[in-house]
Amino acid sequence: MTQVPIGRRSFVTMAATTALLTGTGQLSPVRAQALAPTKSMRGGSNNYLPRAPIVERIGGGGFLMSGSVHRADDGAPLEGIRIQIWAHTTEGHERDPWSHGATLTNAKGVFQLEMPQIVPAFGQPHGHLAYDSGEFKTVFLRPVMASSRDKSLSAHFVLQPA
């Protein structure tokens, strides 16, 4: 698997999340106030289609989109959070309804959804993810892959109440 260079925003988010969680998955009360909310990324909402259905898989699969969702400030994992995912893939453009789907986080705040291989659009292989359900502030992410040959991509959300 290709190693993906981590950008500053991802590094800070992952470092803060890692610092908050002990080996047992419990929060460390000393650093709990340090987790800042994720800000929407420029271009993240491109071709967004509200209310994409929750699906088992988008298209034929073969590529894994995954990530986590935590609450700002205390870093608690959020269960049952709906994350919408869409991308330009080998089976469709990111504006096509069949290239969109949603999934829910598990008890540990983790989500994953299989989809067709992401291919470059406008020169960059990238995915789109959104939290848009109302209890927390809406966040759109647009992570870019290091290589169009990668078979997975992850994104992490830290949500603040709406």
Side-chain angles (χ1 to χ4, degrees), residues 4 6-59 61 63-89 92-116 118 126-145 152-162:
V4 177
I6 298 173
R8 182 176 52 166
R9 175 180 279 168
S10 295
F11 176 78
V12 171
T13 300
M14 288 186 306
T17 301
T18 302
L20 290 174
L21 300 175
T22 67
T24 62
Q26 299 298 311
L27 291 175
S28 169
V30 177
R31 301 275 315 256
Q33 296 299 319
L35 198 56
T38 303
K39 294 183 180 180
S40 284
M41 298 174 95
R42 195 176 111 202
S45 63
N46 291 355
N47 296 303
Y48 167 70
L49 296 175
R51 296 174 298 286
I54 293 175
V55 296
E56 292 290 320
R57 177 178 64 223
I58 297 172
F63 183 91
L64 186 64
M65 184 69 80
S66 64
S68 63
V69 182
H70 291 84
R71 185 173 46 227
D73 293 330
D74 67 4
L78 296 173
E79 181 177 7
I81 298 295
R82 183 182 174 282
I83 299 296
Q84 183 178 159
I85 298 169
W86 70 100
H88 187 92
T89 71
H93 192 278
E94 61 188 46
R95 70 178 164 259
D96 297 329
W98 58 85
S99 293
H100 290 245
T103 189
L104 299 174
T105 58
N106 66 18
K108 294 181 180 182
V110 173
F111 65 88
Q112 62 181 26
L113 186 62
E114 194 175 351
M115 61 191 299
I118 291 177
H126 63 276
H128 293 268
L129 300 96
Y131 166 78
D132 62 348
S133 296
E135 183 180 349
F136 297 92
K137 291 186 178 179
T138 298
V139 176
F140 291 99
L141 298 180
R142 185 187 174 271
V144 176
M145 298 162 47
S152 65
L153 184 60
S154 63
H156 305 278
F157 291 78
V158 178
L159 302 177
Q160 67 181 11

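What you see is a predicted model; the values in this text were computed from it and never measured.
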Rounded to the nearest 0.5 Å, what separation is found between the NE2 atom of His156 and the OG atom of Ser66? 6.5 Å
Closest contact, heavy atoms only, Gly127 versus Ala87: CA-CB, 4.1 Å
Verify, without hydrogens or angle tests, whether His70 (side chain) and Val158 (backbone) share a donor-acceptor contact under 3.5 angstrom. no
Look up atom CD in Gln160 and atom CG in Leu35, then write down how far apart they are to the nearest 0.5 Å. 11.0 Å
Check against side-chain contact (heavy atoms from CB on, under 4.5 Å), Leu78 and Phe157: CA-CA 10 Å; Leu78 296 173; Phe157 291 78; over 6 Å; no
Contacts satisfying ring-ring contact (aromatic ring centres under 6.0 Å, His included) that involve residues 92-112 (not counting sequence neighbours) are Trp86-His100, His88-His93
Arg82 CZ to Asp132 CG distance, which is reported to the nearest 0.5 Å: 5.0 Å
Once you round to the nearest 0.5 Å, how far does CD1 of Ile118 lie from CG of Leu64? 10.0 Å
List the atom pairs, donor and acceptor, that lie under 3.5 Å between side-chain atoms in residues 137-144 and the rest of the protein, sequence neighbours left out.
unit_1 : atom_1 : unit_2 : atom_2 : d
Arg142 : NH1    : Gln124 : OE1    : 3.2
Arg142 : NH2    : Gln124 : OE1    : 2.9
Arg142 : NH2    : His126 : ND1    : 3.4

Between CE of Met41 and CG of Asn46, what distance do you get to the nearest 0.5 Å? 12.0 Å
Can you give the donor-acceptor pairs under 3.5 Å from side chains of residues 50-59 to other protein atoms, not counting sequence neighbours?
unit_1 : atom_1 : unit_2 : atom_2 : d
Arg57  : NE     : Gly59  : O      : 3.0

Do the side chains of Thr105 and Pro77 get nearer than 4.5 Å, heavy atoms only? no
Test side chain to side chain contact (heavy atoms under 4.5 Å, CB included) applied to Glu135 - qualifying residues, sequence neighbours left out: Tyr131
Lys108 side, atom NZ; Ser68 side, atom OG - distance, nearest 0.5 Å: 12.5 Å
Using side chain to side chain contact (heavy atoms under 4.5 Å, CB included) as the criterion, point out the one residue from Leu153, Ile85, Leu113 that pairs with Leu129. Ile85
My understanding is that only residues two or more places apart in sequence, or in another chain, count here; which of them pass side-chain hydrogen bond (donor to acceptor under 3.5 Å, both in side chains) with Asn47? Glu94
